[in-house]
K.L.:
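This structure is in structure tokens; I'll ask about it shortly.
Values below: every heavy atom of this structure, side chains too, minus hydrogens, waters and symmetry copies. Note on naming: letters A, B, ... go to the chains in the order of the sequence lines (proteins, then strands), and numbering restarts at 1 for each one.
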Protein chains: 2
Amino acid sequence: MSAHPERKNSLDEIPPPDDDTPATRATEAARRREPKALRREQLINATIDSLAKRGYAATTLADVADGAGLSRGIVNFHFTSKDNLLSETIKFLQDEYTANWQAMVQKAAPDTASQLLAMVTADLDRKICTHRKLAAWFALITESRSKPAYQEMAWDRDAKYRAMLASICLKAKVEGGYAFDPQSTADAIYAMQEGLWLRMMLFGRGYKREAALGVVLDALCTIFPRHFAAGGTPLAIKAEDQ
Amino acid sequence: MSAHPERKNSLDEIPPPDDDTPATRATEAARRREPKALRREQLINATIDSLAKRGYAATTLADVADGAGLSRGIVNFHFTSKDNLLSETIKFLQDEYTANWQAMVQKAAPDTASQLLAMVTADLDRKICTHRKLAAWFALITESRSKPAYQEMAWDRDAKYRAMLASICLKAKVEGGYAFDPQSTADAIYAMQEGLWLRMMLFGRGYKREAALGVVLDALCTIFPRHFAAGGTPLAIKAEDQ
DNA sequence: ACACGTTTGTTGAACGTTCATTCAATAGTG
DNA sequence: CACTATTGAATGAACGTTCAACAAACGTGT
């Protein structure tokens, strides 16, 4: 009855639990049974796709709905308004970002160099540092002038990351006897990473994750020469001198 | 006859040559005599204002015209289309940016430290690093996904700056006996500056030019310890060792 | 098991608004 | 009188939102 051929959302699609009706996967019926949260995530993903492909200005609800393989009115049912959809999208991206680096730092070894390396590589992680996610994030954050809610979220995200980075830089300074100011150094590193994000976003196929990673690792070597070996970036754990 | 009270363009307004009619500055008549290029610049300035204040999505031709104190159809007369107006605006910003750092580098002393300092402070110059210009630039550049012309301009701008910065880093490396890779270091510095731009754009009143300048100078001290003294950033010109 | 009303998710057409663009009319200039 | 710059109303397209209709799933009583 409907004209939607198939839903073709981007990757990270979770196959539904496959509960009953094992036969031909009655698509229409199975789709309807998916929980509300899944449908919301599907629409957010379609929004990210649209933002990345067409930019903020050209992202329409019709395009989002088409991208998700659903009909026109669907977004207003799940998100009540376009503004709200975009708010939830930026929230999704920020939450994913913060959760990712926090998890990576927790998983890393407790020594200073490892912690620093974890924070810095988290930003360039495969999961976070996709072209579409970067493009969507910049498209949204750039419009934050007119949306105070965005700005607040961005500030929050920033504050958490900066504080953590600064505390690690302080530890490194004590251990390595460096002369730098910890907060200033943390700001410099953080700014460098956002600048590399911008480059990756702008020049997609011309500046890849690996290139950015190389720049970051080189920078760590020159800033923390007693914590990182010159070559690639094996970390020389410091413990002998105080 | 018209309802436009006064034109209230932002700063850098060039007062018209004030040629004849010395009396009360017959506004309407004087305005009409201004050359075409001036009117175009006026409209571009109004566009930057609108982009900064309302964001890309909410920037309309009506708003630009109002900002310039002119009527609705005026933009299409001078720029034929909105797309073209935005193209010319981003071109204006990029040209101003490139001309500024090139002039500052040329004016600076020829030693490595001075050249480096000139390049780096040019980005944070009063003339370039205005909140409205940053906001407008990000708004436009972020939408470059859908506009290949923007991307090409951005690539050009980047290439010039990066090449110059890399060549200076190479000189510094030879002079100072540093271990870093020159291109990688140049990329790191450049990325850091764009990241600081982003912060300034996002947190307007919460992160000022002076703060960013401090971060950059500190970074120069740690990266080029033989070229920059630790305290503020007086540059210790290197000439004695080879 | 089955029938039936309720709830929930979904659709697509309709509405009203906003906006870029066009253009005929007008005013200023040489 | 040409010519150029400017105006403001008209046009038509695009978009967000609303809503009546529909369909599937669930609950209840039998």
K.L.:
Can you check the A/D66 CG to D/dA14 P distance for me, whole Å?
P.N.:
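It works out to 14 Å between those atoms.
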
K.L.:
In whole Å, I'd like the distance from the CG atom of A/D63 to the P atom of D/dC15.
P.N.:
9 Å

K.L.:
Atom CZ of A/F79 and atom C1' of C/dT10: how far apart are they, to the nearest Å?
P.N.:
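Answer to the nearest Å: 15 Å.
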
K.L.:
Round to the nearest Å and state the distance from A/R39 atom CZ to C/dT8 atom P.
P.N.:
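The answer, rounded to whole Å, is 17 Å.
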
K.L.:
Are the charged groups of B/R54 and B/D49 less than 4.0 angstrom apart, N to O?
P.N.:
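Salt bridge between B/R54 and B/D49, a charged N being under 4.0 Å from a carboxylate O: no.
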
K.L.:
For nucleotides 20-22 of chain C, give me every protein contact, N/O to N/O, under 3.5 Å, one pair per line with atom names.
P.N.:
residue: C/dA20; atom: OP1; partner: B/L61; partner atom: N; Å: 3.4
residue: C/dA20; atom: OP1; partner: B/K82; partner atom: NZ; Å: 2.7
residue: C/dA20; atom: OP2; partner: B/L61; partner atom: N; Å: 2.9
residue: C/dT21; atom: OP2; partner: B/N76; partner atom: ND2; Å: 3.4
residue: C/dT21; atom: OP2; partner: B/K82; partner atom: N; Å: 2.8

K.L.:
Taking B/R72 first and then B/D66, would you say they form a salt bridge - that is, a charged N and a carboxylate O separated by under 4.0 Å?
P.N.:
yes

K.L.:
Rounded to whole Å, how long is the line connecting atom CD1 of B/I74 with atom P of C/dC19?
P.N.:
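Answer to the nearest Å: 19 Å.
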
K.L.:
Any Lys/Arg nitrogen of A/K147 or A/D83 sitting under 4.0 Å from an Asp/Glu carboxylate oxygen of the other?
P.N.:
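Yes, A/K147 and A/D83 are salt-bridged.
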
K.L.:
Whole-Å distance between D/dT18 C1' and A/H78 NE2?
P.N.:
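Interatomic distance, NE2 of A/H78 to C1' of D/dT18: 16 Å.
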
K.L.:
How many angstroms lie between atom CZ of A/F203 and atom OG of B/S144, to the nearest 0.5 angstrom?
P.N.:
7.5 Å

K.L.:
Do the side chains of B/R157 and B/E194 get close enough for a salt bridge, i.e. N-O under 4.0 angstrom?
P.N.:
yes

K.L.:
If I take atom CG in residue A/N84 and atom C1' in nucleotide D/dT17, what distance separates them, rounded to the nearest angstrom?
P.N.:
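The answer, rounded to whole Å, is 14 Å.
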
K.L.:
What is the distance, to the nearest angstrom, from the CZ atom on B/R54 to the P atom on C/dT18?
P.N.:
12 Å

K.L.:
Using a strict cut-off of less than 4.0 Å between a Lys/Arg side-chain nitrogen and an Asp/Glu carboxylate oxygen, indicate whether A/E96 and A/K133 qualify as a salt bridge.
P.N.:
yes

